[in-house]
Undergrad: 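The structure that follows is given in the form of structure tokens.
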There are 2 protein chains.
Amino acid sequence: MTSVEEPLHPGGKLRDAARTRAEILDVATQEFARAGYDGARVDEIAARTRTTKRMIYYYFGGKQQLFTAVLERAYGVIREAEQRLDVEHLDPVAAIRRLAELTLDHHEQHPDFIRLVSIENIHGAEHIAASEKLARIGSPALDVIRRILTAGQESGLFTADVDAVDLHAVISSFCFFRVANRHTFGALFGRDLADPGRREHYRTMLGDMVIAYLTAERADD
Amino acid sequence: MTSVEEPLHPGGKLRDAARTRAEILDVATQEFARAGYDGARVDEIAARTRTTKRMIYYYFGGKQQLFTAVLERAYGVIREAEQRLDVEHLDPVAAIRRLAELTLDHHEQHPDFIRLVSIENIHGAEHIAASEKLARIGSPALDVIRRILTAGQESGLFTADVDAVDLHAVISSFCFFRVANRHTFGALFGRDLADPGRREHYRTMLGDMVIAYLTAERADD
DNA sequence: ACGCTAATGTACGAACCAGTACGTTAGCTA
DNA sequence: TAGCTAACGTACTGGTTCGTACATTAGCGT
């Protein structure tokens, strides 16, 4: 992410802590996403940087902390995007549909983030647990969902008494699966879920489903 | 899976190719699921077996082929379970709901399989691609969905014109996410999606959602 | 302009780990 | 029961990989 090829020495500076640090994070993100935590090579990260391995240890301390830093930044990017969500001016139905669509688009555009989350889960979320930063940050998207849901339920538009966290899980799960399991699903069922040509199809499908669920007539009560 | 502690020498035999092979697969499944492909240690697998590392290479050829064999068996178990699906005697609505519930239960009961699939996706499904066995096997669940869907659509019960593969993806995605992302989701949102105590809740929720989608009144056409 | 420190580079070590060379034996078969 | 082969064990190696000791310099502050 944000891996813009900067001029070699912005401002004529040969040494720039911030730039070096950021460059390491960029390359490390790609390498960890490419090969997993244990598959990633610190030497490889260093080689693809304009600095050396020494600097990775200088700035981050070790491979574990580097991965934690990568996760922190990746989650930061997502949270930032979520804060730019602007759907609450819409009616609840349109707002939820829009949110689902934006989530789908966002996941498709950030496959590295999806991979990092998969990897972190393989390791029991131990890096998240080790990070004060990540333990603290909430989820703006969750707040948005909470407000839309309340509005929809109070107005009687939404009949389902879902909870915001669960709805978030439902929307995320499909968007996540589509990108995370793209390869096995494609190999086994011959359909590339994450093909951009199918994006519109799945945007509609996910929106339809979530709305159908939220607005369905209740069988009882 | 099926890691029953057999007597040391069934039938008094000291050497038993089938048993040794199966034991290696059992332990390898756990080890790969525990640590990922690169994190898994061949020595560790050997140590937790009643045989030695030499045998792993004797029977499987190498780490890559061992992982492929582990995947093949894991998918085999799933397919076998899918073949035991018996829901087509139900009406389409009940059949789909049942299928969703069984998928949810099954995923919860096989976290190792979920982890293996996550790991295989990190590696671009290269082991599936390398396996003739896996390239050949279809999905009984998909056939079941196809038939139920056709019945439901022809009878007019199902209004959505979903395709079986997409519906399978939708159902799988939630069941998969619930187990695969249990740790990060739990750490970030404080809710353990895969807690058995919440199983009933999510069974109902998933069923409600899929049925709501399939039976919703169409806005147009 | 001078010195001090943050920033950087080089070269190396020690542990680890996949894979193998070589030797041995159980147990089926004739 | 003899012998043959599939099954098994030990001990080792060569390369890899995380991490660091040591040496160096850019560039800011005064």
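Letters A, B, ... mirror the listed sequences (proteins, then strands); counts begin at 1.
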Undergrad: Hey, could you give me each pair passing salt bridge (Lys or Arg N to Asp or Glu O under 4.0 Å) that has a residue in residues 120-130 of chain A? Not counting sequence neighbours.
TA: none
Undergrad: Using ring-ring contact (aromatic ring centres under 6.0 Å, His included) as the criterion, list what pairs up with B:F60, not counting sequence neighbours.
TA: none
Undergrad: Measure from CD1 on B:I56 to P on C:dC17 and round the result to the nearest Å.
TA: 14 Å
Undergrad: Have a look at the helix from C:dA1-D:dT30 to C:dA30-D:dT1 and give the angle its two end axes make, five pairs each, rounded to 10 degrees.
TA: 20°
Undergrad: Side-chain polar contacts of residues 188-201 of chain B - donor-acceptor pairs under 3.5 angstrom, sequence neighbours left out - could you list them?
TA:
unit_1 : atom_1 : unit_2 : atom_2 : d
B:R191 : NH1    : A:D163 : OD2    : 2.2
B:R191 : NH1    : A:D166 : OD1    : 3.0
B:R191 : NH2    : A:D163 : OD2    : 3.2
B:D192 : OD1    : B:R182 : NE     : 2.8
B:D192 : OD1    : B:A194 : N      : 3.1
B:D192 : OD1    : B:D195 : N      : 3.4
B:D192 : OD2    : B:R182 : NE     : 3.4
B:D192 : OD2    : B:R182 : NH2    : 2.9
B:D195 : OD1    : B:G197 : N      : 2.8
B:R198 : NE     : B:D192 : O      : 3.3
B:R199 : NE     : B:E108 : OE1    : 3.3
B:R199 : NE     : B:E108 : OE2    : 2.9
B:R199 : NH2    : B:E108 : OE2    : 2.8
B:H201 : NE2    : A:D166 : OD2    : 2.7

Undergrad: With A:H106, which residues qualify under ring-ring contact (aromatic ring centres under 6.0 Å, His included), at least two apart?
TA: A:H110
Undergrad: Kindly state each residue pair satisfying ring pair (Phe, Tyr, Trp, His ring centres under 6.0 Å) with at least one member in residues 13-51 of chain A, sequence neighbours excluded.
TA: A:F32-A:Y37, A:F32-A:F67, A:Y37-A:F67, A:Y37-A:H123, A:Y37-A:H127
Undergrad: May I have all residue pairs that pass salt bridge (Lys or Arg N to Asp or Glu O under 4.0 Å) and include part of residues 128-143 of chain A, sequence neighbours excluded?
TA: A:E72-A:K133, A:D143-A:R146
Undergrad: Using a cut-off of 4.0 Å between protein heavy atoms and nucleotide atoms, how would you tag nucleotides 6-19 of chain D 5' to 3' with B, S and -?
TA: BBBBB------SBB
Undergrad: Write out all pairs satisfying salt bridge (Lys or Arg N to Asp or Glu O under 4.0 Å) with one or both partners inside residues 51-62 of chain A, taking only residues at least two apart or from two chains.
TA: A:D43-A:K53
Undergrad: Under 4.0 Å between a Lys/Arg side-chain N and an Asp/Glu carboxylate O for A:R98 and A:D86?
TA: no
Undergrad: Would you kindly give the CZ-to-P distance between A:F60 and D:dT20, to the nearest whole Å?
TA: 16 Å
